[in-house]
Amino acid sequence: MGQDTQYLMHTYSRLPVAFERGSGALLWDAAGDCYLDALGGIAVVGLGHAHPELADVIADQAHTLLHCSNLYDVPLQSQLGKRLCEVSGMDRSFFGNSGAEANETAIKLARRYGHGRGIDIPEVLVTEGAFHGRTLATLTATANRKAHAGFEPLVSGFKRVPFDDLNAVCRVASDNPNVVAVLVEPIQGEGGINIPDSGYLTGLREICDRQGWLLILDEIQTGMCRTGKWFSYQHDGVVPDVLTVAKALGNGVPIGACLARGEAAEVLLPGTHGSTFGGNPLACRVALTVIDILERDRLADRAAELGSRILKMLEQRLAPRPMVRSVRGRGLMIAVELDRPCGQLVSQALEQHLLINVTAETVVRLLPPLVISDEEVMMLVDRLTVTIDNFQANGNGK
Ligand SMILES: *Cc1c(COP(=O)(O)O)cnc(C)c1O
């Protein structure tokens, strides 16, 4: 692997494997060894690797038109906006190239909304355990102190409350007239697959309505059918004012979107925001195809069904293990939380030819492609059980 990594900045400590090609939920390295991908490029490849229809669409669009600029009408962008609004209940969309850019757009939108209401120093409420990206504003919104270190001064205009704590939000509401929006993940991803109580989003919606705040949901990881619906808020019957989407939207082709509804959809006007690459014909054609395939192949239902199957199996096999604290998830967003730091599990799973991730130090995170087969699901459960058993047998951690 990588004899030329000396030319890369040291932003990642990479695992000693490089993949040459993929198909569905499988990846192969240069030696021809096959791995089961239970991480999906961190919730990006919902349709799996090298999806043949997507590959054809990419080639066709490359032969037709890749880019022309937002100075002109981009019909594929309008079509994608319409489709995304249909599945989300939003009214308008803005396209960028990543999750962080989608959230930056949402934060700028919230500030401008605040100024429109006569609030000179608008503040956005964010939560403990949140992850919203790595640009300066989204890093500030992110709760990870380690990720903040060395990048101060951070951006002002954020206030933090504990996740899944409506009382804390109410307290802020009663003594902070500058707050204009709440930005939150319906299920925290990087924070450890934290699923809030069932009344949390409804409660936030009520508070936002009462206060005239925007409810901004970051569905960058949870969206695009991952949790068994197009978007996770659809489990709760609430609708946000602003919604951010990225990761699985392009199945690996970079694209992010900020969608908005009602008054919030009218805040950003000509000259207030923009992107050179955002919403170009290639990315939009790919995302349109992703949406078509998700719908046609009923992958939301598949995610819900496989998710509960995997949870049941993992509970049976792993819950009795003393070091396993909890098995939880929604759809194909699944966590096994241990009672100790378990970062080494990632390389130990790699030895079992299984790709997983550990987040929040103690949480094994599974985000497999939604197209994972029944047999591959069994492989996933078997290999993860072996990995965790070996970890426990070797007396790791404690
Ligand atoms: C990945 C992620 C982001 C950041 O997306 P990038 O494309 O890496 O900028 C933001 N929010 C959530 C919830 C994410 O999972």
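Since we're looking at a predicted model, the values are computed, not measured. Counting starts at 1 for both ligands and their atoms, following the listed order.
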Say whether Ser88 and Gln234, considering side chains only, have a donor N or O and an acceptor N or O under 3.5 Å apart. no

Can you check whether a protein heavy atom sits less than 4.0 angstrom from atom 8 (O) of ligand 1? no

Could you tell me if Gln77 and Arg285 have a donor-acceptor pair between their side chains, going purely by distance under 3.5 Å? no

For atom 15 (O) of ligand 1, which candidate among His132, Glu190, Lys247 holds the nearest heavy atom? Lys247

When you compare the side chains of Asn103 and Thr138, does any donor N or O come within less than 3.5 Å of an acceptor on the partner? no

Ligand 1 and Ala100, any nitrogen or oxygen pair closer than 3.5 angstrom? yes

Verify the distance criterion only: is there a donor paired with an acceptor across the side chains of Ser98 and Glu101 at less than 3.5 Å? yes

Residue list, side-chain hydrogen bond (donor to acceptor under 3.5 Å, both in side chains) with Tyr113, at least two apart or on another chain: Arg117

Under 4.0 Å from a heavy atom of Asn103: which atoms of ligand 1 are those, numbered in the order shown and with their elements? 10 (C), 11 (N)

Please confirm whether Glu185 comes within less than 3.5 Å of ligand 1 when only nitrogen or oxygen atoms on both sides are compared. no

Using a strict cut-off of 4.0 Å, indicate which atoms of ligand 1 neighbour a heavy atom of Asp218. 10 (C), 11 (N), 12 (C), 13 (C)

So, regarding Ala246 and ligand 1 (criterion: nitrogen or oxygen to nitrogen or oxygen, under 3.5 Å), is there a contact or not? no

Dump the intermediate steps for ring-ring contact (aromatic ring centres under 6.0 Å, His included) on Tyr200 and Phe163, then the final yes or no. CA-CA 9 Å; Tyr200 184 55; Phe163 184 64; 5.4 Å; yes

Considering only non-hydrogen protein atoms, determine which one is nearest to atom 6 (P) of ligand 1 and report residue, atom name and distance to 0.1 Å. Gly99 N, 3.5 Å

